[in-house]
Undergrad: 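What follows is a single structure, and I will ask about it in a moment.
All heavy atoms count here, side chains included; hydrogens, waters and symmetry mates do not. Naming convention: chains lettered A, B, ... in sequence-line order (proteins, then strands); numbering from 1 in each chain.
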Amino acid sequence: MNIAVMVKVLPDDQDIVVTADRKLDASKAKPVVSTYDLNAIEAAALLAADTGAATTAIVAGPASVDDSKTKKNILSRGIDALAMAADDALADMDARQTAQALAAMVNQADGIDLVICGDGSADLYAQQVDVQLAEALGWPSLNGVTAITAGDGTVTVERVLENERETVTLPLPAVLSVSPDIAVPRIAGMKDILAAGKKPVTMYAAGDLGELAPAAVEVIDVSAPEPAARKKELFDAAQDGELDAFVAALKGAL
Amino acid sequence: MKALVFAESEPAARELSAGARTLADEVTLVTFDDPVAGVADRVVTVTVPEGHPKEDALETFYQVYQDVQPDIVLVEPTRRLKTIAGRIAAREGASVITDAMALADGVATSMYFGGVGVRTAKAATPVTFVTVAPGTFADAEPSGTDAAEAVAFVEPAVPLTLVAREDLPPAEVDLTAAERVVAAGRGFAAEEQLGLARDFCQKIGAELGCTRPLTESETWFPREAYIGVSGLILNPEVYVGIGVSGQMQHMVGVDRAKVSFAINKDKNAPIFQQVDYGLAGDIADVLPKINAEL
Ligand SMILES: Cc1cc2nc3c(=O)[nH]c(=O)nc-3n(C[C@H](O)[C@H](O)[C@H](O)COP(=O)(O)OP(=O)(O)OC[C@H]3O[C@@H](n4cnc5c(N)ncnc54)[C@H](O)[C@@H]3O)c2cc1C
């Protein structure tokens, strides 16, 4: 079996700066793997270890995603190979465009049976790339997956929805989006990080992925909301009487 | 204008149909199994045969979509409907705008980076697809006929097999209705330590929720107890975050609280910049003392 895991690389939100006019400036932010894609990588690695499958991580985004630390980070987590399209023509893609770029890369990777996506990206959390990708590939898809068992040309998954729990069998090839509780991301050791530097990486340019569809969504504005006005009074429990003052404030609010 | 509503639950069917009525003069609701009366001009019900997950209704929903030819599709943000709407949007060359908190003149407002930003966007395609957060159309009144029709199930190209299905146990607490809410974060070292938080809640008459990690890597809470952008957005009188760092993804769920408090052992924890009263101290040390004083 060949497993591909879709990984979004985006600016670390801890480094995003709110400017004076309340816009977001991510220009100083270092690229990181979107939080819940780490759980997807782990799920792919565990399933591969279980079944002897080969794993490829697939990334598409602007030129800034081509970051050696990020590439090593992905490849140190039990993933065999990386395919990456890093091109500013692929910046700010909507779910449909992302899915098209990824579909082209899945098709070029050849022989992929199972695509695993994370629960949602840290920026938009739209939970749409998995379904758009499945539609582009013409494969079935399911989201909210909490466990995967490989069968003969099938996978059987457990999933948790808003009010229900299900077990469903899908014929392969298929696309799954996994819930973060499927697996806790590993902490890679020094050896894994060193080995990651030797794993195969295939780089693509936007032109290798066919013509990108026009944007389906027009972004009008992104601004930081005005923070709620708060008193910000800080008491230190190590100082005499301050815990009591905190409790008094609490009692005053009840 | 024609609007199509996809909803699974009755409250969402009502709210989204009412919202659709403010945007369009013709409203069609598509839902599973039982029709909802008096909210739309036309209600279409889809019954999925046994042995299929409900996502297999994609082709059936698509047929209704093609029949109605809507200008806008309003969708309840459930996992199943995000799949069905997403795949229909893909077929139409469109993309779904998700979790809109406001929708006016085709412009949808939603969160960016878990609340670090707020984004406004609109469809660049002829049809707008949008999933709508609960409460967005809280003030709209639904109206409609009792006309309901059941459509025949259309078999998908690649059917899936439903092996087992069960209802999750109902939520034990309703945090959305609670006036006082305490959130436990990863600062709690062990599940036993949550007893301190429970005692605290009892003393101040609060319900206990948590941050998302406590439902995932630690399964100390049911999923419906976590507060934040991907969980519950609350409106309490009082919020107390204990062992919570103050990441935006969590704080957007409580930033409408009237008065807010935090307890954290790190004086520099970001949460202290986002509450009215903070106490720097270790849970194990300060919470027993606070409980004794209450
Ligand atoms: C797409 C996406 C969506 C998300 N949605 C949500 C969401 O809806 N809700 C949500 O909560 N999170 C969400 N998250 C996760 C979020 O980003 C944070 O990781 C999470 O809120 C942090 O939880 P925490 O504050 O409990 O843990 P941490 O950030 O680990 O903070 C623990 C805090 O406890 C303090 N502490 C430690 N020990 C003690 C002690 N003994 N006494 C006192 N204080 C102590 C520490 O100083 C620290 O500040 C989301 C993330 C992503 C990427």
Side-chain angles (χ1 to χ4, degrees), chain A residues 13 16 24 94-96 99 122-128 131-132 134-136 140-144 156 161-171 180-181 184 213-225 227-228 230-237 243-244 246-247 249-250 253-254, chain B residues 53 55 78-80 82-83 86-87 90-91 93-98 107 112-125 158 160-168 204 216-217 223 229-230 238 255 259-261 267 272-281 285-286 289-290 293-294:
Chain A
D13 62 2
I16 295 178
L24 301 184
D94 60 35
R96 177 174 165 74
D123 51 359
L124 291 174
Y125 201 68
Q127 306 183 303
Q128 286 295 306
V131 280
Q132 285 265 358
E135 192 61 31
S141 70
L142 273 187
N143 53 13
T156 296
L161 302 162
E162 289 72 21
N163 306 308
E164 313 156 76
R165 188 193 305 280
E166 284 182 347
T167 309
V168 179
T169 301
L170 300 88
D181 35 353
V184 178
V217 173
E218 180 195 330
V219 178
I220 299 163
D221 180 60
V222 178
S223 301
R230 294 290 178 198
K231 292 199 175 70
K232 304 182 198 172
E233 271 183 50
L234 181 59
F235 301 100
D236 184 349
L243 184 137
D244 300 340
F246 177 79
V247 174
L250 181 62
L254 301 179
Chain B
E55 281 78 356
T78 63
R79 292 215 182 262
R80 295 190 194 287
K82 279 190 167 178
T83 298
R87 295 190 76 131
R91 289 178 184 185
S95 212
V96 181
I97 300 174
T98 49
V107 177
Y112 187 63
F113 270 110
V116 174
V118 170
R119 188 180 92 136
T120 48
K122 63 177 188 195
T125 47
V158 186
L160 308 184
T161 310
L162 181 64
V163 180
R165 196 201 75 83
E166 60 174 342
D167 287 329
L168 292 173
I204 67 164
E216 275 158 7
S217 21
R223 275 177 339 119
V229 62
S230 53
V238 178
D255 65 5
V259 193
S260 58
F261 297 82
K267 282 196 186 69
F272 289 138
Q273 298 303 314
Q274 301 172 68
V275 295
D276 295 299
Y277 303 97
L279 180 67
D285 172 39
V286 303
K289 288 182 189 158
I290 294 172
E293 283 194 29
L294 287 167

Undergrad: Under 3.5 Å, is there a donor-acceptor pair between the side chain of A:Asp13 and the main chain of B:Phe113?
TA: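 No, A:Asp13 side chain to B:Phe113 backbone: no donor-acceptor pair under 3.5 Å.
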
Undergrad: Look only at the side chain of B:Arg165 and the backbone of B:Pro53, and say whether a donor-acceptor pair between them is shorter than 3.5 Å.
TA: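 No, because the side chain of B:Arg165 does not come within donor-acceptor range (under 3.5 Å) of the backbone of B:Pro53.
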
Undergrad: Has A:Glu162 got a side-chain atom pairing as donor or acceptor with B:Arg79's backbone, closer than 3.5 angstrom?
TA: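 At least one qualifying donor-acceptor pair exists.
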
Undergrad: Tell me, side chain or backbone of A:Asn163 under 4.5 Å from chain B's heavy atoms, or both, or neither?
TA: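 For A:Asn163, backbone heavy atoms alone lie under 4.5 Å from chain B.
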
Undergrad: Do you know which of B:Ser95, B:Gly281, B:Gly86 has the most heavy-atom pairs under 4.5 Å to chain A?
TA: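 Option with the greatest count: B:Ser95.
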
Undergrad: With chain B, which of A:Asp181, A:Val168, A:Leu24 has the greatest number of heavy-atom pairs at distances under 4.5 Å?
TA: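 With the most close heavy-atom pairs to chain B, the winner is A:Val168.
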
Undergrad: Which region of A:Ile16, side chain (C-beta onward) or backbone (N, CA, C, O), has a non-hydrogen atom less than 4.5 Å from a non-hydrogen atom of chain B, or is it both or neither?
TA: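 Side chain of A:Ile16 only, per the 4.5 Å heavy-atom cut-off to chain B.
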
Undergrad: side-chain contact (heavy atoms from CB on, under 4.5 Å) between B:Gln274 and B:Asp255: does it pass, once the steps are laid out?
TA: CA-CA 8 Å; B:Gln274 301 172 68; B:Asp255 65 5; over 6 Å; no

Undergrad: Where does B:Val286 contact chain A at under 4.5 Å (heavy atoms): side chain, backbone, both or neither?
TA: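 Both parts, backbone and side chain.
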
Undergrad: Which atoms of B:Thr98 are under 4.5 Å from chain A, going by heavy atoms: the side chain, the backbone, both sets, or neither?
TA: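 The side chain, not the backbone.
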
Undergrad: Does the B:Arg223 side chain pair with the main chain of A:Leu161, one donor and one acceptor, at a distance under 3.5 Å?
TA: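 Answer holds: yes.
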
Undergrad: Nearest 0.5 Å, please: how far is NZ in B:Lys267 from CZ in B:Phe272?
TA: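 The NZ atom of B:Lys267 is 9.5 Å from CZ of B:Phe272, to the nearest 0.5 Å.
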
Undergrad: Relative to chain A, which of B:Ala164, B:Ser230, B:Gly117 shows the most heavy atom pairs under 4.5 Å?
TA: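 Option with the top pair count is B:Ala164.
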
Undergrad: Do B:Phe261 and B:Asp276 make a side-chain contact, defined as non-hydrogen atoms from C-beta onward lying under 4.5 Å apart?
TA: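 They are not in side-chain contact.
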
Undergrad: Give, as side chain, backbone, both or neither, the part of A:Pro140 having an atom under 4.5 angstrom from any heavy atom of chain B.
TA: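 Backbone plus side chain of A:Pro140, per the 4.5 Å heavy-atom cut-off to chain B.
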
Undergrad: Indicate the atoms forming the closest heavy-atom contact of A:Val131 with A:Ser141, along with that distance.
TA: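 Closest approach of A:Val131 to A:Ser141, heavy atoms only: CG1-OG, 3.9 Å.
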
Undergrad: Who among A:Asp244, A:Val219, A:Asp123 has the most heavy-atom pairs with chain B under 4.5 Å?
TA: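 Max contact count across the listed options: A:Asp123.
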
Undergrad: Select, from B:Val118, B:Val259, B:Thr78, B:Thr83, the one with the greatest count of heavy-atom pairs under 4.5 Å involving chain A.
TA: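 If we count pairs closer than 4.5 Å to chain A, B:Val118 comes out on top.
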
Undergrad: Can you tell which of B:Gln273, B:Arg119, B:Arg87, B:Lys82 has the highest number of heavy-atom pairs within less than 4.5 Å of chain A?
TA: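 Looking at each option in turn, the highest pair count goes to B:Arg87.
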
Undergrad: Has the side chain of A:Arg96 got a donor or acceptor atom that lies under 3.5 Å from a matching backbone atom of B:Ala90?
TA: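 Pair found, side chain donor or acceptor close to backbone of B:Ala90.
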
Undergrad: Given heavy-atom pairs under 4.5 angstrom as the criterion, report whether the side chain, backbone, both or neither of B:Ile97 touches chain A.
TA: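 The side chain, not the backbone.
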
Undergrad: Find the one option among A:Pro227, A:Ala95, A:Ala134 whose heavy-atom pairs under 4.5 Å with chain B are most numerous.
TA: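 Sorted descending by pairs with chain B, the first entry is A:Ala134.
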
Undergrad: Find the one option among A:Ala136, A:Ala224, A:Pro214 whose heavy-atom pairs under 4.5 Å with chain B are most numerous.
TA: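 Highest number of heavy-atom pairs under 4.5 Å: A:Ala224.
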
Undergrad: By a 4.5 Å heavy-atom criterion (distance strictly below it), what part of A:Glu218 contacts chain B: side chain, backbone, both, or neither?
TA: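 Both parts, backbone and side chain.
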
Undergrad: Could you check which of A:Thr156, A:Val184, A:Val247 has the highest count of heavy-atom pairs closer than 4.5 Å to chain B?
TA: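 Looking at each option in turn, the highest pair count goes to A:Val247.
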
Undergrad: Tell me which of these, A:Pro171, A:Pro225, A:Ala215, A:Ala99, has more heavy-atom pairs under 4.5 Å with chain B than the rest.
TA: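 Ranked by contacts with chain B, first place is A:Pro225.
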
Undergrad: Under a 3.5 Å distance rule, please check whether A:Asp221 uses its side chain to pair with a backbone N or O of B:Thr120 as donor and acceptor.
TA: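 Looks like no, no N/O pair under 3.5 Å.
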
Undergrad: To the nearest 0.5 Å, what is the distance between CD on B:Glu55 and CG on A:Leu142?
TA: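 Going from the CD atom of B:Glu55 to the CG atom of A:Leu142 covers 5.5 Å.
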
